[in-house]
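The model shown is predicted, which means the values in this text are computed figures rather than measured ones.
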Amino acid sequence: QVQLVESGGGLVQAGGSLRLSCVASGSSFRFNAMGWCRQAPGKQRELVAAITAGGITNYADAVKGRFTISRDNDKKTMYLEMNGLKLEDTAIYYCTADVQLQTVVAGAGAYWGQGTQVTVSN
């Protein structure tokens, strides 16, 4: 069975940094696209960033220049380096995967992790 497990969330002050990890197992790495989505209270789930097996990336405008998505195929792990964190970044962050990049970008990936909480404080 496909499994995606996130880690690295926590409490950080505004302006600080966090690095999220998503470890994939099962058949998840046969899929071309992976990404990170987030959901804050009272808000709809939204794409943060996505990446293909070939290294093509897609970022939400709100995080461009601050967040970097990457993947290590040997370790079967995807990362999200978050810098210059803002209060508005507070959310549960989910790892997702699918065959198609556009499906991940739309927040409709076939596979999802359980999420990791990121809380940014003053």
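Ala91 approaches Ala40 most closely through the heavy-atom pair CB-N, 3.9 Å. Nearest heavy atoms, Leu4 versus Ala24: CD2-CB, 3.8 Å.
Between the OH atom in Tyr79 and the OG atom in Ser21 there is a gap of 5.5 Å [rounded to 0.5 Å]. In this structure, Glu6 CD and Met78 CE are separated by 8.0 Å, a value rounded to the nearest 0.5 Å.
Formation of a donor-acceptor pair under 3.5 Å by the Thr90 side chain with backbone atoms of Glu88 is not found in this model. Between the side chain of Asp98 and the backbone N or O of Ala110, at least one donor-acceptor pair lies under 3.5 Å.
Tracing side-chain contacts under 4.5 Å through hydrophobic residues (I, L, V, M, F, W, Y), one reaches Leu87 starting from Phe67; they form part of the same cluster. With hydrophobic clusters built from ILVMFWY side chains whose heavy atoms lie under 4.5 angstrom apart, Tyr94 does not share a cluster with Tyr59. One hydrophobic cluster holds both Tyr111 and Leu80 under the rule that ILVMFWY side chains link at heavy-atom gaps under 4.5 Å. Val12 and Val63 fall within a single hydrophobic cluster, where Ile, Leu, Val, Met, Phe, Trp and Tyr side chains are chained together by heavy-atom contacts under 4.5 Å.
Val118 meets the side chain to side chain contact (heavy atoms under 4.5 Å, CB included) test with Leu18, Leu20, Met82, Tyr93, Val120; sequence neighbours excluded. For Cys95, the disulfide bond (SG atoms under 2.5 Å apart) partners two or more places apart in sequence, or in a different chain, are Cys22. The side chain to side chain donor-acceptor pair (under 3.5 Å) check on Thr68 picks up nothing, with sequence neighbours excluded. With sequence neighbours excluded, no residue satisfies side chain to side chain donor-acceptor pair (under 3.5 Å) with Arg19. With sequence neighbours excluded, the residues that form a side chain to side chain donor-acceptor pair (under 3.5 Å) with Thr119 are Gln117. Every residue was checked against the side chain to side chain donor-acceptor pair (under 3.5 Å) condition with Gln39, not counting sequence neighbours, and none meets it.
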Under 3.5 Å, which donor-acceptor pairs do the side chains of residues 41-52 form with other protein atoms, sequence neighbours left out?
{"unit_1": "Arg45", "atom_1": "NE", "unit_2": "Gly107", "atom_2": "O", "d": "3.4"}
{"unit_1": "Arg45", "atom_1": "NH2", "unit_2": "Gly107", "atom_2": "O", "d": "2.6"}
{"unit_1": "Glu46", "atom_1": "OE2", "unit_2": "Arg38", "atom_2": "NE", "d": "2.9"}
{"unit_1": "Glu46", "atom_1": "OE2", "unit_2": "Arg38", "atom_2": "NH2", "d": "3.4"}
{"unit_1": "Thr52", "atom_1": "OG1", "unit_2": "Gly54", "atom_2": "N", "d": "3.3"}
{"unit_1": "Thr52", "atom_1": "OG1", "unit_2": "Gly55", "atom_2": "N", "d": "3.3"}
{"unit_1": "Thr52", "atom_1": "OG1", "unit_2": "Ile56", "atom_2": "N", "d": "3.1"}

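The list of disulfide bond (SG atoms under 2.5 Å apart) pairs with a residue in residues 55-89, not counting sequence neighbours, is empty. Legend: disulfide bond (SG atoms under 2.5 Å apart) pairs involving residues 40-76, not counting sequence neighbours: none detected. Residue pairs meeting the salt bridge (Lys or Arg N to Asp or Glu O under 4.0 Å) criterion with at least one partner in residues 47-61, sequence neighbours excluded, are Asp61-Lys64. Screening residues 109-122 for salt bridge (Lys or Arg N to Asp or Glu O under 4.0 Å) gives no qualifying pairs among residues at least two apart or on separate chains.
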Full working for side chain to side chain contact (heavy atoms under 4.5 Å, CB included) between Met34 and Ile69: CA-CA 10 Å; Met34 298 183 71; Ile69 189 170; over 6 Å; no
Are Ser17 and Asn83 close enough, and set up right, to give a side chain to side chain donor-acceptor pair (under 3.5 Å), and what steps lead you there? CA-CA 4 Å; Ser17 300; Asn83 300 308; 2.8 Å; yes
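Side-chain contact check for Thr96 versus Trp36: every heavy-atom pair is 4.5 Å or farther apart.
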